[in-house]
Structures are given as C-alpha cells and as structure tokens.
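Working notes, structure below.
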Amino acid sequence: MRVTQSMLSNSMLNNLRQNNTQMSKYMEQLSTGKKINQPSDDPVVAMRGVDYRSELSKVEQFERNMSEVRTWMDSSDEAMDEAGQSLMRVRELVTQASNDSYEENQRENMASEVEQIKDHLIELANTKVNNKHIFNGTHTDTPRFDNNGNLSGESNNKAINIEVSDGVELRANVDPSNAFSENMIQGLENIVTDLRDNNTTGDDLDGYLSDIDQYSQNIVDERADLGARMNRAELIETRLSQQEITTKDVMSSNEDADMSEVITNLRMQENVHRAALSAGSRIIQPTLMDFLR
C-alpha cells in the first residue's frame, strides 16, 4: 500500500487530537479534583457515586432527626428536674404548715408561695421547643394546660416516635400523664385552698404529703425512663457519626483523583505532545514557498 503525504498528515493530526483530549482530561481532573466529571467518563464509578451520596444524605437526615430528639429529651429532663425541685419545696411548706402553731398571715404566705409554684409547674408543662409543646403528646400545637390549670381540650399522652436509623424509631417525648398530671395541678390547688382555710388542721395537711410524694415519684420514674433513652440516643449518635465518616471516606476513594498521579500523567502527555509536534514537523514535506525563500 502506498503511503501518501496526506495519510501521514492525517495520522499526525489524529494523534495530536487524541493527545490533546488526554491532556484536557487530566487538566479537568487537576482543576476539579475528581476522577470523573460526567457519567460517560466512567459509568461504574458514577453509579457508585450516586449510591454513596444517597447513603450520605440518609445518614445526614438521621443526624438531623437525632438532633431534634436530643433537643426534646434535654428540654424534657430540665423541665422535670425543675418540677421535682418545686414539689420538694411544696412538701417543705406543707410540712411546716401542718404545725398548728403558725398564724393566719403565715399560712397565707405559704399559700401564696404554693400558688406561685403551681403556676410555675403549669408553665413547665406548657414548655415549647421549636414552637412545639413537648408535654402534650402528639398535640404539639396546643399547650397542655390553660392559665387556670385545666387541660386544654382532650388529654393526649401519645408517644412521638422519630426515625433515627433504618427501621429504628426513638421516642422523643415523655408520658405527660406521669410528669405533669391534671391530678398534680388540682392537688396543689387544693393545698392552696386549705392553707387559706382557718378550719383546716395540721392533720388535714399531713394527708397531702403522700400525694406530693407520689407526684414526685412519678417524675422520678419518668426521668429514669428518659435517661435510659438518652443513653441509647448517645450510642446512636456515635454510630451515625462513624457512618458519616466511613461513607465520606468511601465516596472520596471512589471519586477523588490522586493528584500526584494526575500531575505525572499530565506531564507525560505534555512530553508526548511535544515529541509528536517535533516528529510531525519532520514528516511534513517542504512546500514550494520553502524553496522560494
């Protein structure tokens, strides 16, 4: 087969075009830091990248859910801690008032303090987190009690379960019927009334102590259950954090380019490009203009 000058020129141009394509590929990898910049570069790597990004997005959503759960739990624990301390103070006041030696104005002061504590407990029961009431079951848009200490509408003690991992849900709220029951608020109101009644004896007030102890025990039990769930939440948070790190590492290994390798390949292609240009200048025959110089 006769090799013509045109064939040599076309072959050289094709090789230069391929060489420029390779240099463009490495330049793009160098500037973006990625092995591939479009699915056609490597469909297998691209599909794996989609799966890894989907997994990472799911883990990040679980972490956001976990943050919401922790906020609810921490706020609930703080509110119940305050409620427990408030009930301890009520018990102290009732114990003091059961001594019939106190005068009318002194019992009135005690009644006023118990009334303030009752109002404070109502405020705690109506605690809001992210504009949601956390002690009214699934009715998060309404407070548990009104200003008079009565339940706002129908009592709701249902659990709020939030998904924190694949197929795993964690209860974010507590049982409000234990933490802030209607009986507790009404019981405190009865104490206030009897403290202001001069006919109420110390023995009558002693009868409230067992009720106060029960209210306090209910809060302690609820905090214990919450504490167990908080410990589990901490374990889940640690696992999610590790999953995020692992997924990002795998995704990086799949997509990120090895910079040292890319630079080496680019330099090699540049050398090949120069060699091709040098060889091509020798292959192309002189033209008539070269002879006329």
Side-chain angles (χ1 to χ4, degrees), residues 25-81 126-144 156-176 178-179 222-262:
K25 169 187 171 183
Y26 293 132
M27 284 294 294
E28 191 171 18
Q29 288 181 354
L30 190 62
S31 61
T32 62
K34 299 295 182 180
K35 292 179 183 178
I36 64 171
N37 292 281
Q38 51 188 358
S40 58
D41 291 342
D42 192 327
V44 175
V45 172
M47 287 302 300
R48 287 177 180 172
V50 171
D51 293 338
Y52 294 146
R53 290 180 185 279
S54 176
E55 179 65 22
L56 180 61
S57 176
K58 185 166 60 174
V59 170
E60 290 174 343
Q61 181 60 56
F62 286 146
E63 287 182 321
R64 288 190 290 270
N65 292 352
M66 197 69 251
S67 177
E68 179 78 5
V69 170
R70 290 289 295 184
T71 300
W72 276 59
M73 288 182 171
D74 290 341
S75 300
S76 299
D77 188 58
E78 291 171 1
M80 288 191 295
D81 181 50
N126 294 336
T127 299
K128 297 175 69 175
V129 172
N130 295 331
N131 206 34
K132 295 179 181 178
H133 295 275
I134 62 176
F135 291 116
N136 201 29
T138 55
H139 291 175
T140 58
D141 56 337
T142 57
R144 183 161 184 82
N156 188 299
N157 304 314
K158 295 181 180 178
I160 294 180
N161 297 315
I162 298 178
E163 188 176 14
V164 294
S165 187
D166 284 325
V168 177
E169 292 184 347
L170 197 60
R171 179 170 183 168
N173 65 338
V174 300
D175 187 346
N178 289 331
E222 203 59 39
R223 289 190 70 189
D225 179 71
L226 178 62
R229 283 186 278 125
M230 291 176 73
N231 290 336
R232 185 185 179 192
E234 186 174 349
L235 295 175
I236 293 175
E237 279 183 316
T238 302
R239 180 162 55 85
L240 288 175
S241 178
Q242 187 59 47
Q243 280 184 335
E244 181 182 12
I245 294 173
T246 302
T247 304
K248 285 183 177 180
D249 183 60
V250 173
M251 188 170 66
S252 176
S253 300
N254 181 67
E255 297 180 1
D256 292 349
D258 185 342
M259 290 295 102
S260 59
E261 181 181 355
V262 172

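All residue numbers in this chain count up from 1 along the given sequence.
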Considering only heavy atoms from C-beta outward, does the side chain of Ile160 approach that of Thr140 to under 4.5 Å? yes
Search all heavy atoms of Ile134 against all heavy atoms of Ser76 and return the closest pair with its distance. CD1-OG, 3.6 Å
Rounded to the nearest 0.5 Å, how far apart are CD of Glu78 and CZ of Arg223? 9.5 Å
Verdict with supporting geometry, Asp81 and Asp77, side-chain contact (heavy atoms from CB on, under 4.5 Å): CA-CA 6 Å; Asp81 181 50; Asp77 188 58; 5.5 Å; no
Would you say that Thr246 contacts Glu244 through its side chain, given a criterion of any heavy-atom pair below 4.5 Å between the two side chains? no
Distance in Å, Lys158 NZ paired with Asp175 CG, rounded so as to fall on 0.5 Å steps: 13.0 Å
Considering all heavy atoms, the nearest Glu163-Asn65 contact: O-ND2, 2.9 Å
Nearest heavy-atom neighbours spanning Glu222 and Ala179: CG-CB, 4.5 Å
Minimal heavy-atom distance between Pro176 and Gly137, with the atoms involved, is CG-N, 4.2 Å
To the nearest 0.5 Å, atom CG of Leu170 lies from atom CD of Glu68 at 12.5 Å
Does the pair Val174 and Asp225 meet the rule for a side-chain contact (heavy atoms from CB on, under 4.5 Å), with working shown? CA-CA 8 Å; Val174 300; Asp225 179 71; over 6 Å; no
To the nearest 0.5 Å, how far apart are CG in Leu240 and CD in Glu60? 11.0 Å
Smallest heavy-atom separation, Ser165 atom then Arg239 atom, equals OG-NH1, 3.4 Å
Is it the case that Arg144 and Asn157 place a side-chain donor and acceptor less than 3.5 Å from each other? yes
Partners passing side-chain contact (heavy atoms from CB on, under 4.5 Å) against Asp166 (at least two apart in sequence or in another chain): Lys58, Phe62
Does the side chain of Arg229 pick up a donor-acceptor pair with the side chain of Asn231 at under 3.5 Å? no
On a heavy-atom basis, the closest approach of Asp141 and His133 is C-CD2, 3.9 Å
Is there a donor-acceptor contact under 3.5 Å linking the side chains of Arg64 and Gln61? yes
Does atom CZ of Arg48 have more than 12 heavy-atom neighbours, drawn from other residues, nucleotides or ligands, at distances under 6.0 Å? no
Determine whether Val164 and Glu237 make a side-chain contact, defined as any pair of heavy atoms from C-beta on separated by less than 4.5 Å. no
pair Glu55-Val59: side-chain heavy atoms closer than 4.5 Å: yes
Sidechain-backbone polar pair: Ser57 side chain, Arg53 backbone, donor-acceptor under 3.5 Å: no
Apply side-chain contact (heavy atoms from CB on, under 4.5 Å) to the pair Asn173 and Lys132, showing each step before the final yes or no. CA-CA 11 Å; Asn173 65 338; Lys132 295 179 181 178; over 6 Å; no
Is there a side-chain contact between Arg232 and Val168, using heavy atoms and a 4.5 Å cut-off? yes
What's the spacing between Leu56 CG and Gln243 CD if we round to 0.5 Å? 10.5 Å
Side chains of Leu226 and Met80, heavy atoms from C-beta outward: is any pair under 4.5 Å? yes
